[in-house]
**Q** 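The structure is given below, and queries will be raised subsequently.
Hydrogens, waters and symmetry mates play no part in the numbers below; they use all other heavy atoms, side chains included. Owing to the predicted nature of the structure, the values given are computational and were not obtained by experimental measurement.
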Amino acid sequence: MILVEEEQWWRYMGLGLALLLVAVTFLARNFNEWANVVRLKPGDPPLPPGEMGWPLIGETLRLMTEDYHKLLEQKFNKFGRTWKTHVFGNPTICMTTADSAREVLITKQVLFEANYPDSMRRTVGSNSFMFLRGDEHLKVKRFFQLALRPESIRSSVEPVEQMALLSLRDLDGKTISVLREARMFSFNAAIRLLFGESPSQEMDKLWEEFELLSKATFSLAIDLPWTPFRKGIKARERILKWLQAKLHQRRSETGVKHNDVMSLMLQPIDGDILTDEEIADNLLAGLFAGQDTTATALHWGVYHLSQNPEALEHLKKEADGIKRNKEEDELLNWDDFKNMPFASAVLSESVRLGMGSFLMRQAQADTVIDGYTIPKGWTVVTWTRFIFTDPANVKDPMTFNPHRFLNGLKPSNLMIWGGGLRTCPGYEFSKLEGACFFYHLVTKYTWEVVPNPKRKLVNMPVPHLSDGLQIRMYKRGETSIY
Ligand code: HEM
């Protein structure tokens with residue numbers, strides 16, 4: 001008798017626990033929905049469909065860990081081209097058509113200010129152009145536009161090429177991670193452009209700190225001793241210390257002329273003068289904006305060239321044509337760069353196929369786009385991956401075909417370099433880096449991709465291959481072992 005009662009008690013207990021679990025899961029799954037509930041007036045267009053994920057973290061972990069092609073496909077099939085979610089602590093609306101992106105980034109841009117996650121604000125710096133708005137943003141952006149316009153970067157051909165030579169020297173018979181070499185190359189090119197520095201032990205140290213900072217920019221902003229976020233914050237403090245010392249030194253120099261973004265930022269512009277804190281945050285943000293992006297595009301370039309012999313042959317032919325007219329060891333010049341349109345097209349096509357990512361804004365007022373209400377204060381993400389690979393915008397979109405950029409497709413149609421007031425000012429510099437890197441790669445070497453069944457796509461901070469694309473290098477003309 002007692003045994004039967006005990007058995008029943010356990011059964012009720014089990015049932016109770018199961019119900020509790022269902023209730024807690026239900027509450028948790030709907031918490032973000034209720035916490036961000038928006039009361040629409042009768043007749044207002046609805047909010048987009050979607051799921052808001054778990055309390056506070058929303059769908060951030062999914063975004064960081066799942067294969068983002070599959071994740072996007074799933075969202076697309078379930079909710080269509082516009083959906084709501086909750087990422088990086090904010091209710092968010094994702095938009096994936098060129099028309100909606102154009103509205104957010106260009107035609108209605110005054111209603112949508114830049115809004116990157118808190119982890120990025122605290123690592124890259126709240127004084128940086130990424131977080132400034134209105135006139136403050138334009139004031140700082142002007143320095144980058146001045147430093148990166150074609151007339152200014154003409155003098156960068158030689159240093160950028162030297163950095164490419166440094167990264168690609170003595171690689172015969174070696175296996176390298178393309179992403180690592182490209183990151184080192186674009187870091188060296190960026191520190192030269194921004195602070196006039198050349199590779200050195202001091203810069204190697206800065207590179208290590210910057211690596212820690214980069215890893216924290218899109219992490220969960222949890223400030224505990226073992227988190228990537230805390231490591232990034234500490235790295236930021238050390239980088240700022242270095243930058244402050246550099247600025248102090250520059251201010252105390254007399255009669256020395258420098259040709260870099262730092263020296264531009266130390267000059268008054270229209271009566272405005274930036275503080276050391278503002279300059280430091282913006283130089284750091286410039287390094288962030290220019291380094292990983294170009295490096296990742298280069299590694300996608302090498303990947304796609306490996307898969308597309310016709311494109312590789314075309315690139316070789318272009319580079320060989322330049323080399324043929326040069327003395328042994330003669331460096332490239334601006335005209336050579338302008339005579340490498342295919343190398344530039346390879347870079348644009350690599351961004352298009354590999355790097356569709358997040359451009360984040362915050363709605364400054366209730367707005368309607370794509371038939372949905374975008375509530376004031378919500379984050380809006382234009383997820384460019386779909387725009388870049390939408391058959392409505394690009395013929396045969398999953399094929400690597402740099403020729404499309406020589407045959408009429410404009411990068412601005414797809415917003416490859418962003419759009420509106422925040423369009424990337426670094427695209428020409430980036431193409432220069434691409435031209436120098438590809439030129440030396442294809443004129444000096446052949447290579448083969450090292451087979452790796454574990455190679456997969458990593459989403460953050462910019463979509464890239466998990467092993468950085470391992471390749472085996474051979475001096476051009478030698479045979480391979482694979
Ligand atoms: C393949 C390489 C690159 C890609 C794909 C790329 C892409 C972009 C995109 C899409 C934006 C717009 C961000 C937004 O709307 O929120 C942007 C902004 C920016 N990029 Fe680039 N970029 C690259 C290289 C560079 C380089 C080399 C530099 C210079 C060092 C640079 C400097 C900047 C700056 C300063 C902004 C901020 C513009 C603003 O907020 O007004 N970028 N970039």
Side-chain angles (χ1 to χ4, degrees), residues 153-154 156-189 192 199 294-351 400-403 405-406 428-450 468-482:
I153 61 167
R154 268 173 171 263
S156 295
V157 180
E158 189 186 323
V160 170
E161 188 183 8
Q162 296 286 13
M163 305 305 174
L165 279 165
L166 187 69
S167 281
L168 294 170
R169 73 186 186 285
D170 298 336
L171 295 180
D172 183 25
K174 292 190 181 147
T175 298
I176 60 160
S177 151
V178 182
L179 187 57
R180 199 193 138 69
E181 293 306 324
R183 295 190 82 225
M184 196 51 138
F185 161 61
S186 59
F187 177 81
N188 285 335
R192 172 71 180 67
T294 310
T296 312
L298 292 176
H299 110 301
W300 281 121
V302 176
Y303 173 79
H304 288 297
L305 290 168
S306 316
Q307 315 285 317
N308 292 277
E310 188 279 331
L312 179 58
E313 270 319 300
H314 204 95
L315 183 66
K316 272 187 187 161
K317 217 166 138 197
E318 182 177 89
D320 288 349
I322 306 263
K323 198 177 163 77
R324 209 170 296 122
N325 294 320
K326 297 227 156 256
E327 300 290 328
E328 179 81 16
D329 293 336
E330 188 185 340
L331 292 176
L332 296 170
N333 57 40
W334 183 255
D335 291 338
D336 297 328
F337 163 50
K338 288 285 140 191
N339 284 325
M340 285 191 257
F342 194 73
S344 290
V346 167
L347 190 87
S348 298
E349 182 70 343
S350 306
V351 175
F400 180 78
N401 176 14
H403 294 279
F405 284 106
L406 303 176
E428 194 74 1
F429 188 76
S430 196
K431 286 181 185 171
L432 173 64
E433 289 179 270
C436 292
F437 189 88
F438 290 135
Y439 174 82
H440 286 290
L441 181 72
V442 302
T443 53
K444 289 191 169 49
Y445 299 102
T446 58
W447 69 87
E448 268 182 328
V449 174
V450 177
L469 187 64
Q470 301 263 318
I471 58 172
R472 171 70 82 138
M473 307 287 284
Y474 306 96
K475 209 164 140 190
R476 198 166 150 183
E478 316 258 315
T479 50
S480 76
I481 55 163
Y482 289 109

**Q** Got a sec, which residues hit side chain to side chain contact (heavy atoms under 4.5 Å, CB included) with L331, two or more places apart in sequence or on another chain?
**A** E158, E161, Q162, L165

**Q** If you take the centroid of each ring, where Trp contributes its six-membered ring, are F342 and H403 closer together than 6.0 Å?
**A**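 So the answer is yes for these two rings.
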
**Q** Going from CG on L166 to CE on M163, what distance comes out if it is rounded to the nearest 0.5 angstrom?
**A** 7.5 Å

**Q** Is any side-chain heavy atom of V442 closer than 4.5 Å to a side-chain heavy atom of E318?
**A** no

**Q** Determine, step by step, whether M340 and I322 satisfy the side-chain contact (heavy atoms from CB on, under 4.5 Å) criterion, reporting the C-alpha distance in whole Å, the side-chain angles of both residues, the deciding distance to 0.1 Å, and the verdict.
**A** CA-CA 8 Å; M340 285 191 257; I322 306 263; 4.0 Å; yes

**Q** List the steps, then state whether side-chain contact (heavy atoms from CB on, under 4.5 Å) holds for L298 with F438.
**A** CA-CA 8 Å; L298 292 176; F438 290 135; 3.8 Å; yes

**Q** Does K317 have more than 12 heavy atoms from other residues, nucleotides or ligands lying within 6.0 Å of its NZ?
**A**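 Not more than 12 within 6.0 Å, no.
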
**Q** Strictly distance-based, threshold 3.5 Å: is any side-chain N or O of E433 a donor or acceptor partner for the main-chain N or O of A189?
**A** no

**Q** Apply side-chain contact (heavy atoms from CB on, under 4.5 Å) to K326 and D336, showing your working.
**A** CA-CA 10 Å; K326 297 227 156 256; D336 297 328; 2.8 Å; yes

**Q** Please evaluate residues E448 and I471 with respect to the criterion side-chain contact (heavy atoms from CB on, under 4.5 Å), reporting the C-alpha separation (whole Å), side-chain torsions for both, the decisive distance (0.1 Å), and the verdict.
**A** CA-CA 5 Å; E448 268 182 328; I471 58 172; over 6 Å; no

**Q** How many angstroms lie between atom NZ of K323 and atom CG of L332, to the nearest 0.5 angstrom?
**A** 9.5 Å

**Q** Is the backbone N or O of F437 less than 3.5 Å from a side-chain atom of H440, with the two atoms forming a donor-acceptor pair by type?
**A**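 Side chain of H440 to backbone of F437, a donor-acceptor pair under 3.5 Å: no, none is there.
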
**Q** Under the side chain to side chain donor-acceptor pair (under 3.5 Å) rule, collect the residues that match up with E349, sequence neighbours excluded.
**A**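 For E349, the residues satisfying side chain to side chain donor-acceptor pair (under 3.5 Å) (neighbours in sequence not counted) are R352, R404.
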
**Q** Would you compute the distance between atom CD of Q307 and atom CG of L312 and round it to the nearest 0.5 angstrom?
**A** 11.5 Å

**Q** Test of understanding: with side chain to side chain contact (heavy atoms under 4.5 Å, CB included), list the residues that count as partners of P159, not counting sequence neighbours.
**A**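 Only R192 meet the side chain to side chain contact (heavy atoms under 4.5 Å, CB included) criterion with P159.
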
**Q** What pairs with S344 under side chain to side chain contact (heavy atoms under 4.5 Å, CB included), at least two apart in sequence or on another chain?
**A**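 Scan of S344 (side chain to side chain contact (heavy atoms under 4.5 Å, CB included), adjacent residues dropped) gives F337, K431.
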
**Q** CZ of R476 to CG of D172: how many Å apart, nearest 0.5 Å?
**A**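 Nearest 0.5 Å value for the CZ-CG distance: 14.0 Å.
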
**Q** Just by modelled atom types, is the A311 backbone N or O under 3.5 Å from a matching donor or acceptor in the N308 side chain?
**A** no

**Q** Walk me through it: do Y474 and Y445 pass the test ring-ring contact (aromatic ring centres under 6.0 Å, His included)?
**A** CA-CA 5 Å; Y474 306 96; Y445 299 102; 9.5 Å; no

**Q** Do you know the tightest heavy-atom contact between S186 and A295?
**A** OG-CB, 3.5 Å

**Q** Once side chain to side chain contact (heavy atoms under 4.5 Å, CB included) is applied, do any residues pair with Q470, and if so which ones, sequence neighbours excluded?
**A**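 Applying side chain to side chain contact (heavy atoms under 4.5 Å, CB included) to Q470 gives T175, S177, V450, R455, D467.
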
**Q** What distance separates T294 OG1 from F185 CZ, expressed to the nearest 0.5 Å?
**A** 8.5 Å

**Q** Provide the closest heavy-atom pair for L305 versus L315 in the form atom of the first, atom of the second, distance.
**A** CD1-CD2, 3.6 Å

**Q** Locate the shortest heavy-atom distance separating E330 from N325; write the atom from each residue and the value.
**A**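 So the minimum-distance heavy-atom pair works out to OE1-O, 4.5 Å.
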
**Q** Counting C-beta onward and ignoring hydrogens, is there a side-chain heavy-atom pair between I176 and W447 closer than 4.5 Å?
**A**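 Not touching, per the 4.5 Å side-chain cut-off.
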
**Q** Is there a donor-acceptor pair under 3.5 Å between the side chain of R472 and the backbone N or O of G173?
**A**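 Here the side-chain-to-backbone pair exists.
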
**Q** Kindly say whether W334 contributes a backbone atom to a donor-acceptor pair with the side chain of K338 at under 3.5 angstrom?
**A**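 No.
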
**Q** With rounding to the nearest 0.5 angstrom, report the CH2 to CG distance, W300 to L469.
**A**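 It comes to 8.5 Å.
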
**Q** Please, which pairs that meet salt bridge (Lys or Arg N to Asp or Glu O under 4.0 Å) have at least one residue in residues 296-315, sequence neighbours excluded?
**A**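 Salt bridge (Lys or Arg N to Asp or Glu O under 4.0 Å) check on residues 296-315 returns E313-K316.
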
**Q** Using every non-hydrogen atom in the two residues, find where D320 and T443 come nearest and quote the distance to one decimal.
**A**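 D320 and T443 have their closest heavy atoms at OD1-CG2, 3.8 Å.
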
**Q** For residues F400 and S350, report the shortest heavy-atom separation together with the two atoms involved.
**A** CE1-OG, 3.9 Å

